[in-house]
Amino acid sequence: MATKYRILLADDSKVVTAVLVAALEKEGFEVESAADGDSAYELGRSESFDLAILDQLMPGLLGLEIIKKWHEEGVVLPVIVLSAIKDESTAVESIELGAEDFVRKPFRIPELVARIRRRLHS
Amino acid sequence: MPDLVLWAVLTVFAIDVVMLVGLIILKAVHRVRMRRDAERRTQYLTLLSRHLTYENAVDPIPSNAAEDEAFLDAVIDLRYTIAGSEIERLSEIATTYDLVSRQEGLLRKRFGGLRRLRAAVSLAELGNEASAPILMEHLDDSDDEIRVQSARGLARMGYTPAIDRIVGRLGEESDWVRARFGDALAEFGEDASAPLMAFVIVNHADGDTSAIVQAIRTLAAIGDYSVGPRIAQVLDLSSNPEVQIAAAGALGGVGGGFAIPSLIDALASSDWRVRAQAATSIGEVGLAENVDDLVASLRDRAWWVRRNSAAALVRLPGGVEALYRALSSVDPFARDAAAEALEDSGELAKAVTNHREQRATRDEARLLRHMRGSGVPGF
Amino acid sequence: MQAYLIFLGIRSALVLRNSWFLHRFGRFWEMLASDSTPPISIVIPAYNEAQGIVDSIRSMSIVRYPRFEIVVADDGSTDETLDRMIEAFDLEIVQIPYRPDIATAPIKAIYRGHSPVDITVVQKENGGRADALNAGVNAARYPYVLCTDADVILDADCLLASMRKVVEDRVRTVAVGGNIRPLNGSRVELGHLVEASVPKSMIPRMQSLEYVRTFLASRPAWSSLEALPLVSGAFGIWKRSAMVEVGGFTPGHFGEDMDLTMKLHRYHLEKGIPYRISYDPSAVIWTEVPETARVLRRQRIRWHRGLMSVVSDFRALTFKRRYGKLGIVTWPGMVLFEYLAPIVEFVGWIVIPTAFLLGALNTASLLALLALAFGIGLLNSLLALMLDEAFGYFNSPRDTSRLLVIALIENLGLRQMTVAWRIRAIFGGKSTMTWGNMERRGVGSLAD
């Protein structure tokens, strides 16, 4: 068995965090969570992860800004963006900036998990 | 005399002290309670998430969780965040732990308006189908907001027997409640079309105008094309401008090509608001054959009609070209209206860029000249 | 005199409780984010705001509301205000229909842009804040306008909260006022309020308490009594058609917001048109208040002169039955408790010590009277602070204790200072009739 995949989860909503942590840990992933943009950005820079799930709208740095900064600093980290329905345009923009995928909220847990698995194995 | 004053002073100070102490206590209690509530809520969230994810979760949910507001909040939060089959599982949990029955009990109480409202909101958000009967009862509650929440809850569950009841109440409610009932009916979707249409047909001549207008707006929101011809009829028959405006507006979305004759007639109404709305709706229907009708309306004497006609032209095939032509109209108002619509739709920005790159078309140059007022070198 | 404020305070408490409850549990924001919500034009007057205008517009553009536009009226700025806007938002000069529904100083040009939101800039000749707002309203496309200032920070939900009042009763509601809080001392980043706190220095801190008293303990009551005399200029939602009917803001008026509110009252009462002017305590905005006594003095003098103009213009309302509650209760109340109040208080300061010195009043009675005045004033402040608890903006105990301290020492000079200024305004004549440079309008009057 290979080592566990490490996932960085950044969302300011406790609900989303709770749900995703439970779901991802069940899949056997290791999850680190951040509640705001600045800590998410720092974590992504300083520790190694296999995937990041970023909420678009958080206090501190926005999801978009984090992706841009990581890109500039050479942090290689596939990103899935979580987007509330209203944020359609920013979600698309983040894809253009290099995010791998985006998922709208409210989301279906199995679907999100499937997308994560796909990203990780590719 | 001094005695009275003295008593007054003492009383006032006594109240002051009481309030001061009260303030301090309130603040302390508030802070502690908020922190603890937040903690418990997070705990419940984690707990519930595990129960949703794993078939047999290890940590049990406390059997008296229903009495804890934090549990209720957590369940409702989850209901908003996830979609799909987990919702059923969540509903099961809510029922198993008596969450739903507890809220129903609270709603039934005679007194305690705010708590009852909270219960109504919770039931609406939990969306548990077993709650449908109690919510139906409370569509007649004396409290406005509780009626609103009942309708909302029933709509979220998709409990169609409620539709007729809600439509029936449209005529009796205040603006706010009626608007929220409209939202609820819109959420029911096409099942609500027929009852609403019946309501409009029966009442549009002599019923409460606001109720008719709301019903028509809701029909438009539902977007069921089958009501188009009927609404067109209402537009033709009604002599009430408010109803006409609403009907014309709805036809933009649900009328399709069949609505055009009625809309063209409305474009000639004596009431400018009806004309303005007709213009917008013709734009929504979006048929090239109506370009000329709207171009004629660019010269309407009412500002809003001109404006809406120009904006509508943008949406028709060949409309943008017509607007460019209108820039040379003899009527200065038509020219201005056309210019504004072209600006709004991004044509001006395009013209500016093209001009900068030395490849503006003749039309674009004309638009720039119109906006900038002075000569623009080029063609 | 303070006693009537207590009555208002208690009534406000009930109104606030309902409002807070609905705010917390109603989740009305979803409901409002629907198609049936009317669009709004945010109208901002700008005069030499080159420094912050771009940031202000950007921060306003993130407000949570389905459909709105921003209209800036450049009131003949002599700096690069206009250029900065043109550059930042890709504005283009346009020749489009402009409805001069309200007469204003001549318009020079109009600019339009669409990013990040629809922006219209009206460049005009200088005419003052009221005139600029009128021009902005002329250029506004939507049926409702929010008149505010460039340096105001809007709470994300303030439009939803205040427009709720409109949606509740669309036909009758012609204006809605909001809740204004001093920004001084709070942490702002990128145009967002990150952390609210009570200002550090004395002068703005005193104003914090004043504003809490007004906006939490006073306005809700006025509004529920349907006799709100003032929708503040810093945050007012107006139905465009109604505003146009009464000629918009009166240019050059020192209290143009109160003037417009009263014009609307009078117009609808005289014509017998059912109407409603509302207030929503959850519609919160933040603005800078004067930091020094000198600037505060100018502001208060200006407000009081504005009040005087309004009182004089609308004196025909007093006690006339046809003006309903407004004429019989609110208006005389306003005159008595705000206009004349400083005089009464001032006279009190003179009469009471004199009576004491002359022996007409013994020590005990003197102390008793002073204590009574102090006690009731404190009661008002405490009531307001308790109401403020409901909103949780001043969360830290330290903030509340700071305000408490102010409540206690207010009467040792701070209050007297404001009274003296208002007396000055009443008897000051010509020298008080200046604007300074076109500056903050503030809240116009605080029921105090």
Side-chain angles (χ1 to χ4, degrees), chain A residues 4-5 7 9-36 39 53-59 63 80-89 91-92 101-118, chain B residues 34-61 65 68-94 99 122 124-127 156-158 183 186-187 221 346:
Chain A
K4 284 184 174 186
Y5 284 115
I7 300 187
L9 169 63
D11 196 309
D12 61 335
S13 156
K14 291 210 180 78
V15 193
V16 173
T17 308
V19 167
L20 284 179
V21 165
L24 292 173
E25 279 180 353
K26 178 186 180 193
E27 295 293 317
F29 302 132
E30 205 181 294
V31 184
E32 281 273 350
S33 60
D36 66 271
S39 6
I53 304 176
L54 299 182
D55 180 26
Q56 197 46 266
L57 219 53
M58 283 187 280
I80 294 183
V81 169
L82 283 180
S83 140
I85 304 217
K86 290 250 164 75
D87 286 336
E88 182 98 46
S89 56
V92 172
D101 198 354
F102 75 92
V103 178
R104 285 218 209 96
K105 296 198 250 192
F107 50 83
R108 288 164 199 275
I109 299 177
E111 182 188 314
L112 180 55
V113 170
R115 289 196 195 205
I116 290 172
R117 273 216 228 99
R118 197 168 46 219
Chain B
M34 284 197 69
R35 198 167 3 111
R36 287 229 229 100
D37 274 351
E39 272 169 23
R40 281 206 318 283
R41 189 150 152 188
T42 316
Q43 281 168 6
Y44 279 121
L45 276 174
T46 319
L47 201 53
L48 283 165
S49 300
R50 293 225 193 91
H51 276 254
L52 286 178
T53 322
Y54 299 95
E55 285 298 320
N56 298 305
V58 179
D59 353 15
I61 298 177
D68 193 341
E69 294 248 318
F71 182 59
L72 177 62
D73 283 336
V75 172
I76 292 178
D77 278 343
L78 277 168
R79 197 86 179 39
Y80 270 93
T81 312
I82 59 176
S85 55
E86 273 74 20
I87 292 195
E88 275 152 37
R89 181 97 182 81
L90 195 58
S91 284
E92 269 171 43
I93 296 179
L99 194 56
S122 306
E125 311 225 326
L126 288 169
R156 287 189 78 182
M157 297 170 199
D183 285 345
E187 192 161 348

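Chain naming here is simple, since letters A, B, ... match the order of the sequence lines and numbering starts at 1 in each.
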inquiry  = Applying salt bridge (Lys or Arg N to Asp or Glu O under 4.0 Å), can you list everything that pairs with A/R117, at least two apart in sequence or on another chain?
reply    = A/E27
inquiry  = Quick check on the structure: residues of residues 108-116 of chain A within a heavy-atom distance below 4.5 Å of chain B, by number.
reply    = A/R108, A/I109, A/P110
note = Residues pairing under salt bridge (Lys or Arg N to Asp or Glu O under 4.0 Å) where one sits in residues 11-25 of chain A, two or more places apart or in two chains, turn out to be A/D11-A/K105
key: Non-neighbouring partners of B/R79 that pass side-chain hydrogen bond (donor to acceptor under 3.5 Å, both in side chains), sequence neighbours left out   = none
key: Side chain, backbone, both or neither of B/L45 within contact of chain A (heavy atoms, under 4.5 Å)   = both
